[in-house]
> 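Starting off with a structure, shown below.
By convention in this document, chain letters (A, B, ...) are assigned in the order of the sequence lines, proteins followed by strands, and residues within each chain are numbered from 1.
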Amino acid sequence: MAMTATADHVHADPHHIGRVIEHPGPAPKRIVTAYGFWIFLLSDIVMFSCFFAAYAVLSGQTAGGPRGSEIFEQRNVAIETVCLLLSSFTCGMASIAADVRNRFWFYLGMAVTCVLGLIFLAIEFREFADLVARGYGPSRSAFLTAFFSLVGCHGLHVSAGILWLLTMMAQVFAKGFRADILRRMMCFALFWHALDIIWVAVFSVVYLLGSAP
Amino acid sequence: MLGKLDWSAIPFDQPIPLVAGAVVLVAILCVLAWVVVKGHLPYLWREWITSVDHKRIGVMYILLASVMLLRGGSDAVMMRIQQAVAYQSQGYLPPEHYNQIFSAHGTIMIFFVAMPFVIGLMNLIVPLQLGVRDVAFPTLNSVGFWLTATGALLVNVSLVVGEFARTGWLAFPPLSELSYSPGVGVDYYAWSLQISGVGTLVAGINLVTTVLKLRTRGMNYLRMPMFCWTTLASNLLIVAAFPILTATLAMLLLDRYLGFHFFTNEAGGNVMMFMNLIWAWGHPEVYILVLPAFGIFSEVVSTFSGKALFGYRSMVLATMAICVISFMVWLHHFFTMGAGPDVNAIFGIASMIIAVPTGVKIYNWLFTMYGGRIRFATPMLWSVGFMVTFIIGGLTGVLVAVPPADFMLHNSMFLVAHFHNVIIGGVLFGAFAGFEYWFPKAFGFRLDERWGKAAFWFTFLGFYVTFMPLYIVGMLGMTRRMQHYDVAAWRPWMIIAAFGMAVLTIGVICQIMQLVVSIRDREALRDRTGDPWDGRSLEWATWSPPPVFNFAFNPDVRGEDAYWEMKAHARQQSFAHEEREYEDIEMPRNSPTGFVCAFFATIMGFALIWHIWWMVILGGIGAFATFVVFAWRDHDEYVIPAEEVARIDRVNIEERRSLVSMAGSV
Amino acid sequence: MNLLDPQGPVAAANSTILVDSVFIMLVIVVPTIFAILAFAFWFRASNPKARYQPEFVYSGRVEMVVWSIPALTVILLGGVAWIGSHQLDPAAPVPGTGSPVRIHAVSLDWKWLFIYPDQRIATVNTLTVPAGAELNFQLTSSSVMNTFFIPQLGSMIYTMNGMVTKLNLRADNEGKLQGMSAHFSGDGFPDMMFDVNVISPLAFPEWVAATAKTDAVLNADSYKRLMQQGIEKGRPVYRLDDPQLFDLISTLHIPPGPGPELASEAGRSHSGGHDAR
């Protein structure tokens, strides 16, 4: 349509841009929403990268306190990682279920995701509480400050994600698979997967590299 | 119960903030009373406060910026008077007060004047230029605005309840740490910026998505008006840079609230990390501000020269080059930290490289004027004033990018003069140009030209009289933020600068008078064409003010300068196009989400500042509940029926046709 | 204080670079400003002699020129920046006559402490140096950041707690100069100006001997008293008890200076957070 328009109105191309493919017009809502949410996720990753940078700068500043290898427990971290990775899978299941509008599998997928997320948070909370009890709280040294903030920031995101997850489930329960709710579900899935990716980075940078004696 | 808050928070012993606060409070109460008594409240609530229309939100952003400009401007006046009188004396402002003033001045001018002004203009114009009906996320847009307003409110509350930061506008630790700033000032600073920062991030995401995903048919990237390009670049910078600010301030707050050690002297904290992080945000920030201004000048120069923008492709390339390079130069803000010659030289050269695309822009505007037929309406005056002023600012900017020169000029009044030169001469002149240029589009009548020109000349000359002396005292060794001084050689220049400030103030008064006079004479200044300046881009294709749906038909774009071509095309045929089939238009419903959410954010911010923990929780629950209520609503759009669209459109077409025939008969 | 009236080689080199850079840029900037005003004037709508060329919106040749003018300028200035940064690195040696004078500078809230470790004396808010000798500064801060700057001697540098920065200067002519802190550091910041006395190399040992006669002693205890927040109107001098004092400060063996809480009860009239904490 637009091509014919160009044909009947000969265009001079004063800026020497050459031939172009005509833009088809505004994108549909689903695309727009997902696109915007992607941009939000990228900005969130930029924020995380600041905490990563701070961790990199401060990780050697133990101020006489413990080093990473003295406080990290590989077993717990392994369980945490498995929980989060599995939850990403179940979250994916829930998304598919929402797309085909299957309530049972949707609730099941979301519930399992929620439980796995809670297990993750519980383990992390226990790790934090244990460290604080041993006198290795975030005020002990700059290293612990950076450690608690980076891992805690991820933990806060997971907590917010669980709040969102429960809200999503309630919404589907109350309103069904409406178009706008499906769009939100898509954003939630993106968010949850992004948390997974960030956890992989946390796992590698903090726990794997930090465990080296 | 009330945390740290008690009566000692009110500065009963300090008349200046108390009186200022009282005056502002009385003014606000009077306006509120007037609104309630006259029965405007329902209208305000319906049409403005809960509006998700990008044009309304844009106007509110600009209103916020203008009000805060007066606040930041009074700070500036107080500072210039203090430095003029505080020679071998304490002046009239004690240090703890003066230090709050320059911190508040910087914070307000950047975050609550320059940012909302450019975001407001982008909000108002970009969807119109792209030929679409709204931004990508209308309700989020409203949330973003109201969160920015929350930040501004908290900064102003600090005037009478407690104190503002006394650390400078970037609150460098360790001075801003709890041990050296035990008061609530830094907390006011940090929480205001955290809250408004969320608002800015939301605006950034919204506008990036709008430009990239919502363009009318045929609006290819390389057909977008320059202002859309600079909007894209600026908002890409927002989404990439503001999270850094959020993270940095979060670290500072963790230090202050929970005894963390990011930037403390003790336990291995690192202040140099703060410098790096804050400037990794801070340098892109200046381009976030100035790029939209470049876009405005591109539109204005091309419109008033009656020519398409010269070197459009170069401009696009230059804009995106600035966008990328601006992230690679942050270290030039602290050459004097002892980073070593290689690092300094590399960052110095990188900083100079930004001057290349910026210089190209100046030349392209220059050649846009070449061969043009220039009309010197007020927006064009601001633009020419900008070009001249900005080159001087660019020169001094490149100068301080040379590390050995910066070793002498760092933190000096020369630097102060430099960044005011680029921010006033670039951003503020741009904001005023955009204000004058697009005002008729937003309100349907033009601004008075005589008062506008007076405002330009007073501001332009006032700027030079104020800031050229600051360059000179900088060369005489004066550093910034001096509450008093004993050096005789500085004094005359400070007095001249204070005099210049008076001239600038007259400029601001003229600006206000212009608005008052124009509103009074609005019938005489009415613009019935929707295109008062003979514009070139799509915002001029619709009526002034545009209907809520912007365009009855989303336009088909067939080239650069879309509306110019349409006009050229239409002149050959008859102006009015053939009767078309109108369709129903779906528009987003108004929503109080933004306002309510900001209400809770205000409560939460205030409670956090004063350690009132139950109130923090209350605010948090309230904000979450607001979003749940929003998510629960069943109808997020309403339909404007085709007949209604047709009725509105036909009225406007008739009006325009009668004007065209009148013009033809003359 | 005039930057263009340098009293030492570093300041002279800095200001030469400053002035040269301005002139290099003026070569481009002045014609550009002139062209802006000329084009704006000539192509005004009311000028019938100006030719309207609405189609003149693209010219490869002009674009070539407008990219290369700023690019060439920047290449030239980039060279200046690269060479200048290396030659004028604050830590680069500045050869002088006689043996170099080592000075340890500490920024306190809100005064400057200058320790002469080799002469075993220390001064507050006065820096006395011999003309012509290389001055090796090592700098740190007792609390918040400051910047050490003597405008007429050149390059400034930050002082930061727990860190040592290095700066080498030389003063060529005898006389009185002024120095300052060039980084805002709190309420007493404007009073961080200090005197710089440049005296003849012959008079310097005499000054050292005279100063060393003082009764006041600088050790960890008197230093802790000195670092309380406050303004120093006098110009106290000390005998240096422990030549390692600077290392103790910069390695945080002496803890950072206290903030306003301990410093003065008369200080703040209305900082809201006081009583609740």
Side-chain angles (χ1 to χ4, degrees), chain B residues 4 9 11 13 95-96 162-163 168 174-175 179-180 182-184 265 271 307-308 310-311 314 336-338 341 344-345 348-349 352-353 355-356 359-360 363 366-367 369-375 384 387-388 391 395 399 402-405 407-408 410-411 475-477 479 481-484 487, chain C residues 1-3 14 17-18 21-22 25 29 32-33 35-36 39-40 43-45 52-54 56-57 62-63 66-67 70-71 74 77-78 80-82 84-86 88-90 144-145 147 151 155-158 160-162 165 180 182-184 186-187 190 256 259 261 269-273 276:
Chain B
K4 294 161 76 172
D13 54 335
E96 62 268 22
E163 56 167 6
L175 183 60
S179 20
Y180 302 107
V184 290
N265 287 336
V271 291
K307 273 181 67 189
F310 181 87
S314 269
T336 55
M337 201 188 254
N344 280 354
I349 291 169
M352 292 173 190
I353 289 174
V356 177
V360 168
Y363 287 115
L366 183 66
F367 283 101
M369 292 199 298
Y370 182 89
R373 201 179 273 159
I374 305 172
R375 292 164 286 151
V384 176
M387 286 164 76
V388 172
I391 290 181
L395 183 153
L399 185 62
V402 181
F407 291 160
M408 305 279 269
H410 177 72
N411 262 352
M475 293 302 291
L476 295 177
T479 194
R481 297 172 176 171
M482 302 278 276
Q483 182 256 344
H484 64 93
V487 180
Chain C
M1 302 276 270
N2 190 343
L3 300 185
N14 281 340
I17 286 182
L18 199 159
S21 307
V22 170
M25 284 186 280
V29 163
T32 309
I33 292 180
I36 291 168
F39 285 13
F43 290 102
R44 67 192 187 275
Y52 182 45
Q53 300 157 272
F56 179 66
V57 294
V62 171
E63 299 223 13
V66 301
W67 278 91
V74 163
L77 275 176
V80 172
W82 182 266
S85 303
H86 284 79
L88 289 165
D89 180 38
V144 304
M145 276 174 76
T147 299
S155 298
M156 63 176 85
I157 195 133
Y158 281 150
M160 291 171 283
N161 184 259
T165 41
M180 64 172 88
H183 185 91
F184 179 71
D187 289 351
E261 274 177 301
S269 46
H270 85 288
S271 77

> Could you look at C/Met156 and say if it's the side chain, the backbone, both or neither that has a heavy atom under 4.5 Å from chain B?
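Both parts, backbone and side chain.
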> What closest approach, in Å, do C/Gly78 and B/Ile349 show between heavy atoms, and which atom pair accounts for it?
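Heavy-atom minimum between the residues: O-CD1, 3.6 Å.
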> Report the C-alpha separation of B/Tyr363 and C/Trp67 in whole Å, then their side-chain angles, then the decisive distance to 0.1 Å, and conclude whether the side-chain contact (heavy atoms from CB on, under 4.5 Å) test is met.
CA-CA 9 Å; B/Tyr363 287 115; C/Trp67 278 91; over 6 Å; no
> B/Val388 versus chain C, heavy atoms under 4.5 Å apart: side chain, backbone, both or neither?
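Contact with chain C: backbone and side chain both.
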> Can you see which heavy atom on C/Pro54 is nearest to which on B/Lys307, and at what distance?
CA-CG, 3.7 Å
> Flag the one option from C/Ile17, C/Thr147, C/Thr32, C/Val22 with the top tally of heavy-atom pairs under 4.5 Å to chain B.
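Heavy-atom pairs under 4.5 Å are most numerous for C/Thr32.
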> Could you tell me which of B/Ile353, B/Leu395, B/Val384, B/Val487 has the largest number of non-hydrogen atom pairs under 4.5 Å with chain C?
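Of B/Ile353, B/Leu395, B/Val384, B/Val487, B/Leu395 has the most heavy-atom pairs under 4.5 Å with chain C.
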> If we define contacts as heavy-atom pairs under 4.5 Å, which of C/Ala35, C/Gly84, C/Ala71, C/Ala182 has the most with chain B?
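Greatest number of close heavy-atom pairs with chain B: C/Ala182.
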> Which heavy atom of C/Glu63 sits nearest a heavy atom of B/Gly311, and at what distance?
OE2-CA, 2.9 Å
> Once the angle between the rings of C/Phe39 and B/Tyr370 is folded into 0 to 90°, is it parallel (under 30°), tilted (30 to 60°) or perpendicular (over 60°)?
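Correct class here is tilted.
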> Minimum heavy-atom separation for C/Ser85 and B/Pro403, please, with both atom names.
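Between these two residues, the closest heavy atoms are OG-CG, 3.2 Å.
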> Set out, in order, the CA-CA distance, both residues' side-chain angles and the distance that settles side-chain contact (heavy atoms from CB on, under 4.5 Å) for C/Phe43 and B/Met369, then state yes or no.
CA-CA 7 Å; C/Phe43 290 102; B/Met369 292 199 298; 5.7 Å; no
> Can you say whether C/Thr165 sits under 4.5 Å from chain B via the side chain, the backbone, both, or neither, judging by heavy atoms?
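When you check distances to chain B, only side chain atoms of C/Thr165 fall under 4.5 Å.
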> In terms of heavy-atom pairs under 4.5 Å with chain B, which of C/Ala45, C/Gly186, C/Ser21, C/Pro151 leads?
C/Ala45
> Mind ranking B/Gly348, B/Gly338, B/Ser314, B/Gly359 by heavy-atom pairs under 4.5 Å with chain C and telling me who comes out on top?
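Answer, by heavy-atom pair count under 4.5 Å with chain C: B/Ser314.
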> Most heavy-atom pairs under 4.5 angstrom with chain B, which of C/Gln53, C/Met180, C/Met145?
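Looking at each of C/Gln53, C/Met180, C/Met145 in turn, C/Gln53 comes out on top.
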> Let me see the working for B/Ile391 and C/Ile36 under side-chain contact (heavy atoms from CB on, under 4.5 Å), right down to the final yes or no.
CA-CA 11 Å; B/Ile391 290 181; C/Ile36 291 168; 3.5 Å; yes
> Among B/Leu366, B/Thr479, B/Thr336, B/Val271, which has the most heavy-atom pairs under 4.5 Å with chain C?
B/Thr336
> Name the option with the most non-hydrogen atom pairs under 4.5 Å to chain B; the candidates are C/Asn2, C/Leu77, C/Leu3.
C/Leu3
> Between C/Val80, C/Val66, C/Ile33, which has the largest tally of heavy atom pairs under 4.5 Å with chain B?
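Top option by heavy-atom pairs under 4.5 Å: C/Val66.
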> Taking all heavy atoms of B/Ala345 and all of C/Trp82, pick out the closest pair and write down the distance.
CB-CE3, 3.2 Å
> Rounded at 0.5 Å granularity, tell me how far CG in B/Asn265 sits from CE in C/Met160.
11.0 Å
> Between B/Gly168, B/Ala355, B/Ala405, B/Pro174, which residue shows the highest count of heavy-atom pairs closer than 4.5 Å to chain C?
B/Pro174
> Of the non-hydrogen atoms in B/Gly372 and C/Tyr52, which two are nearest, and what is the gap between them?
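Closest approach of B/Gly372 to C/Tyr52: C-CD1, 3.8 Å.
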> Do C/Leu18 and B/Met475 pass the side-chain contact (heavy atoms from CB on, under 4.5 Å) test, and can you show the C-alpha distance, the side-chain angles, and the key distance before you say yes or no?
CA-CA 10 Å; C/Leu18 199 159; B/Met475 293 302 291; 3.8 Å; yes
